[in-house]
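Structure record follows, encoded as structure tokens.
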Amino acid sequence: MTHLWVRAESRDNEERVGIMPDGVAELIAQGMRVTVEDSDTRCVPIDHFRAAGADIAPNGTWVRAPKDAIVFGLKELPDDGSALRHRHIMFGHAYKGQPAGQRLLARFKAGGGTLYDLEYLENPEGRRVAAFGYWAGYAGAAVSLLAFAAQDHGTCPPVSTWASSEAMRADVAAALDGATPDALVIGALGRVGTGACDLCEAVGLSVTKWDLTETAHGGPFPEVLNHTLFFNCILARPGTPVFVPADTCSRDRALRVIGDIACDPDSDFSPIKVYDAATSWTEPVTRVCHAPPLDVMAIDNLPSLMPRESSEDFASQLLPHLKTLDSPERGVWGRAKTHFDDHIGKASS
């Protein structure tokens with residue numbers, strides 16, 4: 001019997017979950033066993049999972065779960081160096097040379113476990129089957145616009161969860177108070193870019209939308225500096241061109257806020273070269289230039305700002321694939337395992 005163990009998230013400001021109670025009920029009806037860890041912060045109360053038929057376990061007990069359990073979470077595990085013996089479903093951020101990702105792979109190598117990275121659950125054409133991207137784009141544009149609105153008197157104040165996308169949009173519109181800065185979105189045709197464009201247009205902004213056609217020449221891209229706001233919505237990969245060069249502060253520019261929604265600052269392939277660390281809910285931006293100011297928004301868990309709405313959407317995308325975990329060597333799981341196998345051999349133990 002396939003045993004899915006839904007762990008509690010351990011990082012701060014993370015209330016999302018990758019499966020909803022109705023999804024748990026469907027997996028159990030199919031013959032799976034589902035255990036859900038208790039959590040004081042999850043956006044869905046534990047009683048809802050209990051009512052769906054899940055076994056309930058204390059927070060953090062996945063480390064003692066049966067070896068054949070598949071441990072399912074979203075964000076990173078505690079970075080404690082322990083060997084990982086289970087199969088894990090999560091966003092690993094481990095295949096682009098990131099230091100934390102290399103440590104994670106070393107832990108899998110030491111314990112003999114497997115990573116099914118949610119970023120690499122792909123259909124045969126290589127398109128991701130489940131993503132939070134739309135909500136990352138929507139929330140990233142919102143926080144970036146709050147940062148723009150705050151520049152007259154300082155930097156962006158701390159942010160916290162919104163009850164809904166409608167509430168987030170209303171707060172942004174109020175902060176802008178009629179201002180309509182122009183924006184450039186690169187990756188505008190993807191999930192992330194669509195979310196960023198939707199939020200911007202909902203509050204009255206004029207948006208220039210670029211995708212592969214506009215960036216195929218490989219740069220340079222002086223147009224980026226000619227917009228007030230720039231949103232990077234493409235994943236950093238080998239060959240990704242530089243959109244914002246390291247010497248940006250010394251150039252003439254209209255650019256005031258960068259929303260690096262893709263947010264891979266410690267990757268060698270990052271196209272934004274003016275900063276090197278993610279921002280946070282308490283400090284949503286890094287000011288990288290002065291006179292005039294240029295702020296970078298690079299929060300790496302943006303969909304968590306709307307935890308319930310983004311969780312429901314993601315869970316609905318992922319559930320059909322969770323139902324195929326009885327055959328993990330096939331389909332999206334088999335392809336994710338191939339990605340893992342390609343990288344684990346390069347990891348140091």
Side-chain angles (χ1 to χ4, degrees), residues 18-19 70 72-76 87-98 101-102 104-105 108 114-138 140 185-198 209-219 231-243 260-264 266-272 300 302-303 310 313-347:
I19 187 169
I70 302 172
F72 177 28
L74 295 177
K75 298 301 286 185
E76 63 268 24
R87 292 171 290 173
H88 283 259
I89 301 169
M90 59 182 285
F91 288 104
H93 304 294
Y95 300 158
K96 301 174 189 174
Q98 304 99 317
Q102 295 309 296
L104 178 66
L105 288 177
F108 277 109
T114 298
L115 171 63
Y116 296 111
D117 195 319
L118 287 163
E119 188 176 330
Y120 292 86
L121 291 188
E122 300 168 336
N123 66 17
E125 291 72 43
R127 182 171 174 79
R128 289 173 63 181
V129 300
F132 283 99
Y134 179 86
W135 301 108
Y138 196 98
V185 176
I186 295 185
L189 299 183
R191 291 185 179 105
V192 179
T194 299
C197 291
D198 283 356
K209 301 177 183 180
W210 281 13
D211 211 87
L212 292 174
T213 299
E214 293 80 6
T215 58
H217 64 83
F231 299 106
N232 173 46
C233 299
I234 66 167
L235 291 173
R237 296 183 183 274
T240 300
V242 172
F243 299 135
D260 190 8
I261 299 170
C263 190
D264 232 342
D266 57 356
S267 169
D268 293 339
F269 312 122
S270 172
I272 314 298
D300 65 0
L302 286 163
S310 63
D313 183 27
F314 181 82
S316 69
Q317 298 173 53
L318 186 62
L319 181 60
H321 306 286
L322 292 176
K323 290 180 176 181
T324 69
L325 276 172
D326 288 333
S327 300
E329 73 283 357
R330 301 177 185 172
V332 297
W333 307 108
R335 287 186 284 273
K337 177 66 159 53
T338 297
H339 282 293
F340 173 74
D341 290 341
D342 288 344
H343 288 86
I344 194 66
K346 306 171 189 175

How far does [atom1] of [X] sit from [atom2] of [Y], to the nearest 0.5 angstrom?
X	Y	atom1	atom2	value
Ile234	Trp210	CD1	CH2	11.5 Å
Arg128	Asn123	CZ	CG	12.0 Å
Lys75	Phe91	NZ	CZ	7.0 Å
Lys96	Asp266	NZ	CG	10.0 Å
Tyr116	Leu121	OH	CG	10.0 Å
Ile89	Leu318	CD1	CG	7.0 Å

message: With side-chain hydrogen bond (donor to acceptor under 3.5 Å, both in side chains) as the criterion, how do Thr324 and Trp333 come out once you've worked through the C-alpha distance, each side chain's angles and the decisive distance to 0.1 Å?
response: CA-CA 8 Å; Thr324 69; Trp333 307 108; 3.0 Å; yes

How far apart are the closest heavy atoms of [X] and [Y], and which atoms are they?
X	Y	answer
Ala130	Gln317	CA-OE1, 3.3 Å
Thr215	Phe243	CG2-CE2, 4.1 Å
Pro271	Thr240	CB-CG2, 3.9 Å
Ala94	Leu105	O-CD1, 3.4 Å
Ile261	Ala196	CD1-CB, 4.1 Å
Glu76	Met90	CA-CE, 3.7 Å

- request: Go through Val192 and Phe231 one step at a time and tell me if the side chain to side chain contact (heavy atoms under 4.5 Å, CB included) criterion holds.
  value: CA-CA 10 Å; Val192 179; Phe231 299 106; over 6 Å; no

task: For the pair Ser310 (side chain) and Trp135 (backbone), establish whether a donor and an acceptor sit closer than 3.5 Å, ignoring hydrogens and angles.
output: no

field: Polar contact flag, side-chain donor to acceptor under 3.5 angstrom, Asp342-Tyr95
entry: no

query: Does the side chain to side chain contact (heavy atoms under 4.5 Å, CB included) test come out yes or no for Leu104 and His93, once each step is laid out?
result: CA-CA 9 Å; Leu104 178 66; His93 304 294; over 6 Å; no

query: Are any non-hydrogen side-chain atoms of Phe340 and Asp117 less than 4.5 angstrom apart?
result: no

- prompt: Is there a side-chain contact between His217 and Pro241 (heavy atoms, below 4.5 Å)?
  reply: no

field: From CA spacing to verdict: side chain to side chain contact (heavy atoms under 4.5 Å, CB included), Leu322, Leu325
entry: CA-CA 5 Å; Leu322 292 176; Leu325 276 172; 3.9 Å; yes

Verdict with supporting geometry, His343 and Leu115, side chain to side chain contact (heavy atoms under 4.5 Å, CB included): CA-CA 10 Å; His343 288 86; Leu115 171 63; over 6 Å; no

